[in-house]
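Below is one structure, written out as structure tokens, with a few remarks after it.
Worth knowing before you read on, the calculation uses all heavy atoms, side chains too, and leaves out hydrogens, waters and symmetry mates. Chain A is the first sequence line, chain B the second, and so forth, proteins listed ahead of strands; every chain is numbered from 1.
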Number of protein chains: 2
Amino acid sequence: MKSTPILLQTQNLRTACANCSVLELCLPIGLNDSEVSRLDTLIPQRVKVKKGASLYRTADPLRSLYAVRTGFFKTCIVSLDGREQVTGFQMAGEMLGLDAISAEQHACHAVALEDSEVCPIHFHQLERLASQIPSLQHNLNKIMSREIVRDHSMLLQMGNMNADERLAAFVLNLSARMSTRGYSSRSFVLRMRREEIGSYLGLRLETVCRSIAQLRKLGLVHISARNVDILDMPQLKMFIAGCHRHGPE
Amino acid sequence: MKSTPILLQTQNLRTACANCSVLELCLPIGLNDSEVSRLDTLIPQRVKVKKGASLYRTADPLRSLYAVRTGFFKTCIVSLDGREQVTGFQMAGEMLGLDAISAEQHACHAVALEDSEVCPIHFHQLERLASQIPSLQHNLNKIMSREIVRDHSMLLQMGNMNADERLAAFVLNLSARMSTRGYSSRSFVLRMRREEIGSYLGLRLETVCRSIAQLRKLGLVHISARNVDILDMPQLKMFIAGCHRHGPE
DNA sequence: CGAACATTTGATGACCATCAAAGTGGGTGG
DNA sequence: CCACCCACTTTGATGGTCATCAAATGTTCG
């Protein structure tokens, strides 16, 4: 464990959702100016999290939810006997900590995969404010629901797709999220190691490598180290729809 | 497809959460009497769903969430190329439809596995009422969060457990939920077929059979047709904690 | 009671995990 | 700035687990 629990606090000046680059992806989406500034009051200061550091750990009491402002996180759970499962990767505009609401304590471990910055939102204050701002409550409901839909899609991948298909779906998912944030959907950089991709997809890291090689051989993507280039987006989408030969012919 | 979309409507008399046997497990938990009766007003009538019938289908517009009053459901999603994944089994006191909030339409297909009864709760009315009753909103948040935690636990099972362990975890999960509802945790009846268990666990039905045989051979459970008897609860729990020999010695 | 459906068990093979070793790249300190 | 080192990645060889195909047995319900 080289992760350090140190959270660097920054910016005593009032933070402002209104100026945030992911305003349109995040909790305040659709709120009017006055509502946004009321939400701002729940975020006294942003918090920087160094690469490799934990934002929170399993069983930490729920204090805040966290909106990722910049950077990249993974969340993982660990079974009683130490088996680890990455449950998600979170990028700018996405929320961390939703699984803590259920038992008032975090059910997973959140680690920054690069130097990152989050907006902590005190949860009980958020609930109170949400009861006064219907669209804020609705946004929170939608964000939680979206996470449920995403998880179900992962279950489909783990239950019904082979290694190559899972990797293709993973790459396409990242691609779509990059695109939503205004980055290229064709070319981007992976923030996580092969082992973490593997854990997320229910595969070993060697299998991830082999699937990368396979997709490259098919001319669908080129992945070298952490650099991803999607060469044939339509075919890649066809690939996960099962429209490809399962035999090598 | 033999499922019929017919929903039999019953009971014009006012329904009453207050008299419901799963009041303490369901959305109204912790509400006071007056709050419960306000929630009641959102449930004009209960709906019966025959075994094999669909409560809703993928892409149906979100109208209501559904609390299961009696019976048993499965939810499943289908990929573009027709691969099916069971995403959950729901019993009395559990909510159906949470995944529809995200896109205002259902993301899965809900089918009754036995004659069942649900309480439809008009979602937009629920949101409005929840903004007036903080503990109702909090309950909804907790229920959604619990679903997220459950899904993450399923991902751990699919990603890190072998077939025998998944089946053991599945049986233990049902056992705990039966117990919560006042039924025996040691002896109960499965409502789903082997194929549905398999889909849920990311296994083929034949593998489910073999894992059942394996757990029987180890003296942990006896499963015959749909009847489950847990013979050694502590050992069964140890089993999924990885505290068992992986080789046959 | 019988037909349709569900479950069980066996035989075989595919896919992926495991073990092993070589190759690559990034960060750090000299 | 370069070289070294360590962590990460890639590729190969082998075996185990689970999927597939097949056939027999059991169960349910009209």
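For an aromatic pair to be called close, the ring centres must be under 6.0 Å apart, and Tyr183(A) with Phe188(A) fails this.
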Report the C-alpha separation of Ser199(B) and Glu84(B) in whole Å, then their side-chain angles, then the decisive distance to 0.1 Å, and conclude whether the side chain to side chain donor-acceptor pair (under 3.5 Å) test is met.
-> CA-CA 7 Å; Ser199(B) 173; Glu84(B) 188 168 318; 5.8 Å; no
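A salt bridge links Glu195(B) to Arg193(B): at least one charged side-chain nitrogen sits closer than 4.0 Å to a carboxylate oxygen. In this structure, Glu94(B) does not pair ionically with Arg150(B), as no charged nitrogen and carboxylate oxygen lie closer than 4.0 Å.
Remark: P of dC8(D) and CD1 of Ile197(A) are 13 Å apart, rounded to the nearest angstrom. In this entry the distance linking CD of Glu165(B) with P of dT17(D) reads 11 Å, nearest Å. Residue Gln157(B) contributes atom CD, which lies 14 Å from atom P of dC18(D) at whole-angstrom precision. Distance CG (Leu190(B)) to P (dT7(C)): 9 Å, rounded to an integer number of Å. Distance Glu195(B) CD to dT20(D) P: 12 Å, rounded to the nearest Å. Rounded to a whole Å, the CG atom of Asn227(A) is 16 Å from the P atom of dT24(C). Rounded to an integer number of Å, the gap from CE of Met161(A) to P of dC16(C) is 13 Å. The CZ-P distance, from Arg193(B) to dT8(C), rounds to 13 Å in whole Å.
A salt bridge (Lys or Arg N to Asp or Glu O under 4.0 Å) with Asp115(B) holds for exactly one of Lys48(B), Arg69(B), Arg191(B), Lys50(B); it is Lys50(B).
If you check every strand for non-hydrogen atoms under 4.0 Å, Gly202(B) touches sugar and phosphate atoms only. Base contact: Leu205(A) has a heavy atom under 4.0 Å from a base atom.
Checking dT7(C), dC16(C), dA19(D) against the side-chain heavy atoms of Asn162(A) singles out dC16(C) as nearest. Of the candidate nucleotides dA17(C), dT11(D), dC16(C), dA17(C) has the atom lying nearest to any side-chain atom of Arg204(A).
Taking 4.0 angstrom as the limit, Arg210(A) places none of its side-chain polar atoms (N or O) nearer than this to OP1 or OP2 of dT11(D).
A donor-acceptor contact under 3.5 angstrom links the side-chain atoms of Glu206(A) to the base of dC19(C).
Looking at which nucleotide of DNA chain C each of Thr207(A) and Arg226(B) is closest to, the 5′-most match is held by Arg226(B).
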